[in-house]
Amino acid sequence: MSRKEELKAQILDLVGAYYDEVHRPKPRREGERVAYGGRVFDGEEMKALAEACLDFWLTSGPWSATFEADFARYLGVERCAFVNSGSSANLLAFMALTSPTLGDRAIGRGDEVITVAAAFPTTVAPLVQFGAVPVFVDVTLPTYNVDAGALDEALSDRTKAVFLAHTLGNPFDVEAVRTFCDRHGLWLIEDNCDALGSRVLFRGAWRLTGSLGHLATSSFYPPHHMTTGEGGAVCDSDEALHRVVLSLRDWGRDCRCPSGTDDLCGCRFSGQFGTLPRGYDHKYVYSHFGYNLKATDLQAAIGVAQLRKVPAFVEARRRNWKILREALKPWEDFFILPEATEGTDPSWFGFLLTVRPEAPFSRDGAVAHLEAKGIQTRMLFAGNLLRHPCFDAMRASGQGYRVVGDLATTDRIMKDTFWIGVYPGLDGTRMTSIVEALESLCVSA
Ligand SMILES: Cc1ncc(COP(=O)(O)O)c(C=O)c1O
């Protein structure tokens with residue numbers, strides 16, 4: 001063993017010992033809060049991170065390439081671009097569809113994109129920032145997903161795309177939405193940030209969400225199905241689209257040579273681009289107005305170790321969701337209980353509850369009760385995004401967006417819905433605490 005390998009082995013052993021001493025999960029202590037989500041990891045992630053630290057590549061490099069290949073393989077797609085957040089992934093996926101390289105199919109300013117308002121803001125933000133027009137359709141209960149029956153009504157001659165998240169892990173009706181997109185020549189972006197591991201029966205075969213749109217995004221922020229700290233991904237199986245994604249991610253450049261390499265493209269000093277002089281250095285040729293949204297190798301190293309655990313994480317999420325579903329069955333008069341969309345096997349991000357008008361408590365009352373008992377709760381993100389201050393100016397002018405119908409269910413979600421966690425860090429004792437807190441709410445009411 002070389003001195004380098006010897007030192008590395010010692011360091012990694014110590015990192016493992018540090019994990020055992022400091023981070024190994026412990027049983028819930030009396031009075032400790034029960035989180036809705038959080039990072040779940042062991043010595044493997046910490047050792048991978050330590051290895052990447054020792055490599056000291058720092059920016060996107062070999063670990064990122066490994067993670068991208070592993071993640072694409074997991075989803076069953078051909079390509080993955082690792083980025084620095086799920087929001088960046090959404091920005092990239094959307095902006096890729098505005099590329100002039102797409103000709104008539106490129107989304108232009110004033111073109112419409114169908115989406116929902118019961119959403120996370122950064123599914124919608126890129127459209128507004130670019131000057132496209134979000135067209136909001138309502139969602140349905142108890143799946144909390146787009147009302148696929150309203151898509152025809154939302155269509156106009158400016159519609160170019162549909163951009164939707166699988167709400168809290170529950171897939172939207174991909175069969176209906178993709179068929180609608182294909183019929184009308186629209187792009188479909190799947191925001192898969194909350195649904196890694198969800199499965200859908202699509203055209204007769206079981207497929208993972210995130211492999212069914214033209215582009216799909218993921219988030220690796222800590223409460224999500226796996227984490228890299230900050231992090232995200234854009235996945236697809238279309239080489240031309242992927243080229244645009246990479247160009248936009250990496251400053252807008254035309255060249256695909258990974259950082260730290262020169263002339264893998266074979267045309268570093270021989271190409272003709274734009275109206276540049278022939279042979280202008282391809283490294284500095286820009287085919288798009290891009291960003292720098294790359295993640296680092298430190299994040300990728302964590303991702304490589306986390307991804308191996310995803311199947312077990314997904315099973316734990318399903319198991320915890322079932323525990324809550326069973327426990328709340330007697331209280332269906334008080335709550336609308338969540339249901340998997342037909343033909344799907346969700347990898348749940350959380351357990352959604354909508355308080356019925358007949359219940360003896362309000363949503364806010366239920367949330368206050370649970371929080372007082374140390375059970376962390378969450379809203380369904382924006383509730384109704386249109387009612388937020390970021391929409392004030394657009395709401396006042398009535399310009400820049402369109403609404404189909406009255407979004408009554410979206411408003412209901414804003415008023416009556418909340419969710420609690422099902423993440424793998426919730427062991428038996430913590431799940432029991434959640435169930436007892438919910439039961440005490442219902443019994444005491
Ligand atoms: C549906 C959805 N899309 C996008 C995001 C953004 O991901 P990130 O926090 O990594 O930017 C989130 C974040 O939780 C989300 O829930």
Side-chain angles (χ1 to χ4, degrees), residues 2 4-5 7-8 45 47-75 77-85 88-89 91-93 95-96 99-101 215-218 220 228-308:
S2 69
K4 173 182 151 186
E5 283 165 350
L7 285 169
K8 189 168 175 174
E45 282 81 353
K47 285 184 194 173
L49 177 60
E51 264 196 85
C53 282
L54 296 177
D55 295 344
F56 212 62
W57 188 287
L58 299 184
T59 180
S60 164
W63 282 98
S64 300
T66 302
F67 178 68
E68 287 176 337
D70 289 357
F71 195 71
R73 196 174 317 109
Y74 171 77
L75 278 186
V77 295
E78 282 171 34
R79 294 176 185 84
C80 163
F82 186 37
V83 296
N84 59 11
S85 74
S88 297
L91 174 65
L92 262 187
M95 286 304 291
S99 169
T101 60
L215 290 158
T217 62
S218 290
F220 308 129
T228 59
E230 301 290 350
V234 179
C235 289
D236 64 78
S237 290
D238 180 315
E239 197 176 341
L241 265 186
H242 194 68
R243 215 185 139 87
V244 178
V245 167
L246 294 180
S247 171
L248 284 167
R249 184 192 67 176
D250 302 358
W251 306 282
R253 68 186 184 151
D254 195 74
C255 187
R256 290 292 356 110
C257 294
S259 52
T261 61
D262 285 346
D263 208 22
L264 287 187
C265 58
C267 62
R268 183 161 175 212
F269 296 114
S270 58
Q272 174 67 66
F273 302 100
T275 56
L276 287 163
R278 170 169 292 282
Y280 191 82
D281 189 347
H282 196 208
K283 257 193 166 327
Y284 296 101
V285 171
Y286 301 98
S287 44
H288 292 94
F289 296 102
Y291 312 93
N292 177 359
L293 302 175
K294 294 192 301 301
T296 68
D297 252 24
L298 308 183
Q299 291 158 291
I302 303 169
V304 168
Q306 280 271 287
L307 188 56
R308 290 191 212 112

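The first residue of the sequence shown is numbered 1, and numbering continues consecutively from there.
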Measuring from [X]:[atom1] to [Y]:[atom2], what's the distance to the nearest 0.5 Å?
{"X": "His288", "Y": "Thr101", "atom1": "NE2", "atom2": "OG1", "value": "4.5 Å"}
{"X": "Cys257", "Y": "His282", "atom1": "SG", "atom2": "NE2", "value": "8.0 Å"}
{"X": "Ser85", "Y": "Gln299", "atom1": "OG", "atom2": "CD", "value": "9.5 Å"}
{"X": "Leu293", "Y": "Leu246", "atom1": "CG", "atom2": "CG", "value": "11.5 Å"}
{"X": "Tyr291", "Y": "Ser247", "atom1": "OH", "atom2": "OG", "value": "11.0 Å"}
{"X": "Leu54", "Y": "Leu49", "atom1": "CG", "atom2": "CG", "value": "9.5 Å"}

Taking [Y]'s backbone N and O only, do any of them form a donor-acceptor pair with [X]'s side chain (distance below 3.5 Å, no angle check)?
{"X": "Arg278", "Y": "Ser270", "answer": "yes"}
{"X": "Glu68", "Y": "Ala65", "answer": "no"}
{"X": "Asp254", "Y": "Ser287", "answer": "no"}
{"X": "Asp70", "Y": "Val304", "answer": "no"}

**Message:** Checking Glu230 now: which residues fulfil salt bridge (charged side-chain N to carboxylate O under 4.0 Å, His left out) with it, not counting sequence neighbours?
**Reply:**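 Residues passing salt bridge (charged side-chain N to carboxylate O under 4.0 Å, His left out) with Glu230: none at all.
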**Prompt:** Sequence neighbours excluded, which residues qualify as salt bridge (charged side-chain N to carboxylate O under 4.0 Å, His left out) partners of Arg308?
**Reply:**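 Not a single residue meets the salt bridge (charged side-chain N to carboxylate O under 4.0 Å, His left out) criterion with Arg308.
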**Message:** Tell me whether the count of non-hydrogen atoms from other residues, nucleotides or ligands lying under 6.0 Å of CZ in Phe269 goes above 12.
**Reply:**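 Enclosed: over 12 neighbouring heavy atoms sit under 6.0 Å from CZ of Phe269.
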**Asked** With sequence neighbours excluded, what pairs up with Arg253 under the side-chain contact (heavy atoms from CB on, under 4.5 Å) test?
**Response**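 If we apply the side-chain contact (heavy atoms from CB on, under 4.5 Å) test to Arg253, skipping adjacent residues, the hits are Asp250, Trp251, Arg256, Lys283, Tyr286.
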**Message:** Looking at every non-hydrogen atom in both residues, tell me the closest pair between Tyr280 and Tyr284 and how far apart they are.
**Reply:**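 Closest approach of Tyr280 to Tyr284, heavy atoms only: CE2-O, 3.8 Å.
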**Message:** Show the nearest heavy-atom pair for residues Gln272 and Gly274, with the distance to one decimal.
**Reply:**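 The pair with the smallest heavy-atom distance is NE2-O, 3.8 Å.
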Counting C-beta onward and ignoring hydrogens, is there a side-chain heavy-atom pair between [X] and [Y] closer than 4.5 Å?
{"X": "Phe71", "Y": "Ser218", "value": "yes"}
{"X": "Glu51", "Y": "Trp63", "value": "yes"}
{"X": "Gln306", "Y": "Thr228", "value": "no"}
{"X": "Phe82", "Y": "Ser60", "value": "no"}
{"X": "Cys53", "Y": "Leu298", "value": "yes"}
{"X": "Asp55", "Y": "Asp297", "value": "no"}

**Message:** Ring-plane angle category for Phe67 and Phe220, please: parallel below 30°, perpendicular beyond 60°, tilted otherwise.
**Reply:**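 Perpendicular, since the angle between the ring planes exceeds 60°.
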**Item:** Residue from Val83, Asp238, Leu92 passing side-chain contact (heavy atoms from CB on, under 4.5 Å) with Val245
**Value:**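 Of Val83, Asp238, Leu92, side-chain contact (heavy atoms from CB on, under 4.5 Å) with Val245 is met by Leu92 alone.
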